[in-house]
Student: 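A single structure is presented below for examination.
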Protein chains: 2
Amino acid sequence: MGRVGLNQERLVQAGAELADEVGFDQVTVSALARRFGVTVASLYSHVRNSQDLRTGIALLALGELADRAADALAGRAGKDALTAFANAYRDYAHEHPGRWAAAQSRLDPPTAAGSAGVRHAQMMRAILRGYHLPEPDQTHAVRLLGSVFQGFVGLEMGGGFDHSPPAPPESWARVLDAVDALLRAWPTADAG
Amino acid sequence: MGRVGLNQERLVQAGAELADEVGFDQVTVSALARRFGVTVASLYSHVRNSQDLRTGIALLALGELADRAADALAGRAGKDALTAFANAYRDYAHEHPGRWAAAQSRLDPPTAAGSAGVRHAQMMRAILRGYHLPEPDQTHAVRLLGSVFQGFVGLEMGGGFDHSPPAPPESWARVLDAVDALLRAWPTADAG
DNA sequence: GTAATTTTCCTAAAGGTATTAGGCAAAGGC
DNA sequence: GCCTTTGCCTAATACCTTTAGGAAAATTAC
């Protein structure tokens, strides 16, 4: 009886792949065990529990997404950077729906602090450098960007834009135009 | 042995309450059966399956949220309407986190078409009437609004804004200012 | 190379969730 | 009161999660 050679990394990677195939909510310790041809109990030598496995997949996804976004950002500024970052975000979700869903998982504060999620915020700040917003408006804008990207992709992936024209890519492009315009003319706190 | 008098409505209502108490992901047929002091199997006379129950809770939440938003919108226009609607949205999420989570559920197209989700879009169109956007920009803007509201509240509820100042209510207010300003100066398709 | 130690996989067990089928008694209708 | 319908229960089945202990594979130490 030889050993399959499982380890946490392999399990997380396979879990991420499975998530994209069947949906993140279908990724279970049992499903993974079947995938490797071992018994369910064997996996507990490598992952503490089901939640640990799911967190691992979420962290992997956040890291991949951050890498993608960083690549897209390289050498770009202003609207070009904004668009490239946003597109990396949305493209990732479309290519890896299960991984993207995993990245939406709620993480406990210490895990979140050590995750690639922090890189996302940093990259958004880098994008905003091209728009010269002072604090605290820069943070407000980071949160707005995060909201728009997460929100749009979330609604789209959830089928919210399936019911009527225009096609989502068109709205996405226009929304990015709009956000760029907004950032270029960010209202002061006194504007009403 | 008298009957507890279960029916689908009671189950969905109790499920929604339980969702707010322990989180939507902890709402199970089993948990509900315990809540009513009956056996698990008894619930299947009233709900087809676990998914049916969860869909029911999602529809309830969407309806409550739409009612809240409609109330908030009554008699308001322009930025006032925008702010009131958005605040109804965020307040609901804060007061009913489990219900709100249920409302994020993906629904199949026929169910979605018959849900209160349609009312949400209609109300956003009503808000946008005050900003005079032509189609297809009005639809783009509806999707942007949905994205901002969903996205911001989702990130906030997920703890994404817990790590650093400013406090979320401040960002929320500024984001709404920004969105209002954007809608008042919505870029044409040639801008950029 | 051998022995000792560590690690990984398995079995067994237990607890929990989801669902179906059939039966019985409560509830409703006439 | 009688008949019919309905709601709850039991039993059964399938699946998921996790723990403990054992045996064998793999690694480490000499």
Side-chain angles (χ1 to χ4, degrees), chain A residues 1-60 98-99 101-102 104-108 111, chain B residues 1-60 98-99 101-102 104-108 111:
Chain A
M1 175 172 62
R3 295 177 175 183
V4 177
L6 298 179
N7 60 50
Q8 192 192 28
E9 188 181 331
R10 281 191 72 195
L11 288 174
V12 167
Q13 186 68 37
E17 285 166 17
L18 188 60
D20 283 342
E21 291 166 26
V22 301
F24 185 50
D25 56 333
Q26 302 301 308
V27 177
T28 60
V29 178
S30 303
L32 266 192
R34 282 191 296 273
R35 196 173 177 93
F36 284 101
V38 298
T39 68
V40 175
S42 308
L43 272 62
Y44 291 92
S45 296
H46 311 284
V47 292
R48 209 174 324 134
N49 52 42
S50 177
Q51 183 57 43
D52 190 43
L53 170 67
R54 299 174 71 81
T55 296
I57 297 168
L59 293 176
L60 174 76
R99 281 165 152 94
Q104 310 316 301
S105 306
R106 177 167 194 154
L107 302 174
D108 62 84
T111 306
Chain B
M1 173 173 61
R3 295 177 174 183
V4 177
L6 300 178
N7 61 49
Q8 191 191 30
E9 189 180 332
R10 280 191 72 196
L11 288 175
V12 167
Q13 186 67 39
E17 286 166 18
L18 188 59
D20 284 341
E21 292 167 27
V22 301
F24 185 50
D25 55 334
Q26 302 301 307
V27 177
T28 59
V29 178
S30 302
L32 265 192
R34 282 191 296 272
R35 197 173 176 95
F36 283 101
V38 298
T39 67
V40 176
S42 308
L43 271 61
Y44 290 93
S45 296
H46 310 285
V47 293
R48 207 171 330 133
N49 52 43
S50 176
Q51 182 58 41
D52 189 42
L53 170 67
R54 298 174 71 82
T55 296
I57 297 168
L59 293 176
L60 175 75
R99 281 166 153 93
Q104 311 316 302
S105 306
R106 178 167 195 156
L107 301 174
D108 62 84
T111 305

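Lettering of chains follows the sequences in order, A, B, ..., and the numbering in each one begins at 1.
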Student: Tell me the interatomic distance from A:Gln26, atom CD, to C:dT17, atom P, rounded to whole angstroms.
Tutor: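 Distance, rounded to whole Å: 18 Å.
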
Student: Taking only side-chain N and O atoms of B:Thr39, does any of them lie within less than 4.0 angstrom of OP1 or OP2 on D:dC9?
Tutor: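 The answer is yes; a side-chain N or O of B:Thr39 sits under 4.0 Å from OP1 or OP2.
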
Student: Return the angle between end axes of the helix from C:dG1-D:dC30 to C:dC30-D:dG1, with five pairs used per end and rounding to 10°.
Tutor: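 That helix has its two terminal axes inclined by roughly 20°.
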
Student: Write down the distance between CG (A:Leu32) and C1' (D:dC15), rounded to a whole number of angstrom.
Tutor: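 From A:Leu32 CG to D:dC15 C1': 16 Å.
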
Student: Ignoring hydrogens, what is the shortest heavy-atom contact between B:Gly15 and B:Leu32? Give both atom names and the distance.
Tutor: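 Closest approach of B:Gly15 to B:Leu32: N-CD2, 3.8 Å.
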
Student: Testing the basics here: between A:Ala58 and A:Leu107, what is the closest heavy-atom pair and its distance to 0.1 Å?
Tutor: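 Here A:Ala58 and A:Leu107 meet closest at CB-CD2, 4.4 Å.
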
Student: I'd like to check A:Phe36 versus A:Leu43 (side-chain heavy atoms, cut-off strictly below 4.5 Å). Are they in contact?
Tutor: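 Side chain of A:Phe36 against side chain of A:Leu43, heavy atoms only: no contact under 4.5 Å found.
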
Student: Take the protein atom CG of A:Leu53 and the nucleotide atom P of D:dC16, then report the distance between them rounded to whole Å.
Tutor: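 Rounding to the nearest Å, CG of A:Leu53 and P of D:dC16 are 14 Å apart.
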
Student: When the distance from CZ of A:Arg34 to C1' of C:dC10 is rounded to whole Å, what number comes out?
Tutor: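 To the nearest whole Å, that distance equals 17 Å.
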
Student: Side-chain contact, heavy-atom cut-off 4.5 Å: B:Gln13 with B:Leu60?
Tutor: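 The answer is yes, as the side chains (C-beta and beyond) meet within the 4.5 Å cut-off.
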
Student: In whole angstrom, give the distance that lies between atom CG of B:Leu43 and atom C1' of D:dT6.
Tutor: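 Computing the B:Leu43:CG to D:dT6:C1' distance gives 15 Å.
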
Student: Output yes when at least one side-chain N/O atom of A:Ser42 is less than 4.0 Å from OP1 or OP2 of C:dT8, else no.
Tutor: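 No, because none of the side-chain N or O atoms of A:Ser42 sits under 4.0 Å from OP1 or OP2 of C:dT8.
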
Student: Distance check, rounded to the nearest 0.5 Å: B:Arg54 atom CZ versus B:Thr28 atom OG1?
Tutor: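 B:Arg54 atom CZ to B:Thr28 atom OG1 measures 9.0 Å (nearest 0.5 Å).
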
Student: To the nearest angstrom, how far is A:Asp52 atom CG from D:dT17 atom P?
Tutor: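 Atom CG in A:Asp52 sits about 13 Å away from atom P in D:dT17.
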
Student: Looking only at heavy atoms, which two atoms of A:Ala31 and A:Leu18 are closest? And how far apart?
Tutor: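 Nearest heavy atoms, A:Ala31 then A:Leu18: CB-CD2, 3.8 Å.
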
Student: Please name the pair of heavy atoms, one in B:Gly98 and one in B:Phe24, separated by the smallest distance, quoted to 0.1 Å.
Tutor: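 Nearest heavy atoms, B:Gly98 then B:Phe24: O-CB, 3.7 Å.
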
Student: What is the distance, to the nearest angstrom, from the CZ atom on A:Phe36 to the P atom on C:dC9?
Tutor: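 Atom-to-atom, A:Phe36 to C:dC9, this comes out as 10 Å.
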
Student: Can you find a side chain N or O atom of A:His46 that sits less than 4.0 Å from OP1 or OP2 on C:dT7?
Tutor: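 No, outside the criterion.
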
Student: Pull out every protein N or O sitting under 3.5 Å from an N or O of nucleotides 18-22 of chain C, one pair per line with the distance.
Tutor:
from: C:dA18; atom 1: OP2; to: B:Val29; atom 2: N; distance (Å): 3.2
from: C:dA18; atom 1: OP2; to: B:Ser30; atom 2: N; distance (Å): 3.1
from: C:dA18; atom 1: OP2; to: B:Ser30; atom 2: OG; distance (Å): 3.0
from: C:dT19; atom 1: OP2; to: B:Tyr44; atom 2: OH; distance (Å): 2.8
from: C:dT19; atom 1: OP2; to: B:Ser50; atom 2: N; distance (Å): 2.7

Student: State, yes or no, whether a side-chain contact exists between A:Gln104 and B:Gln104 at a heavy-atom distance under 4.5 Å.
Tutor: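 No. Closest side-chain heavy atoms not under 4.5 Å.
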
Student: Shortest non-hydrogen contact from B:Arg10 to B:Leu6?
Tutor: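 Shortest heavy-atom separation between B:Arg10 and B:Leu6 comes out as NH1-N, 4.2 Å.
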
Student: Of the options C:dC9, C:dA27, D:dC9, whose atoms approach the side-chain atoms of B:Arg3 most closely?
Tutor: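 Out of C:dC9, C:dA27, D:dC9, the nucleotide with an atom closest to B:Arg3's side chain is C:dA27.
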
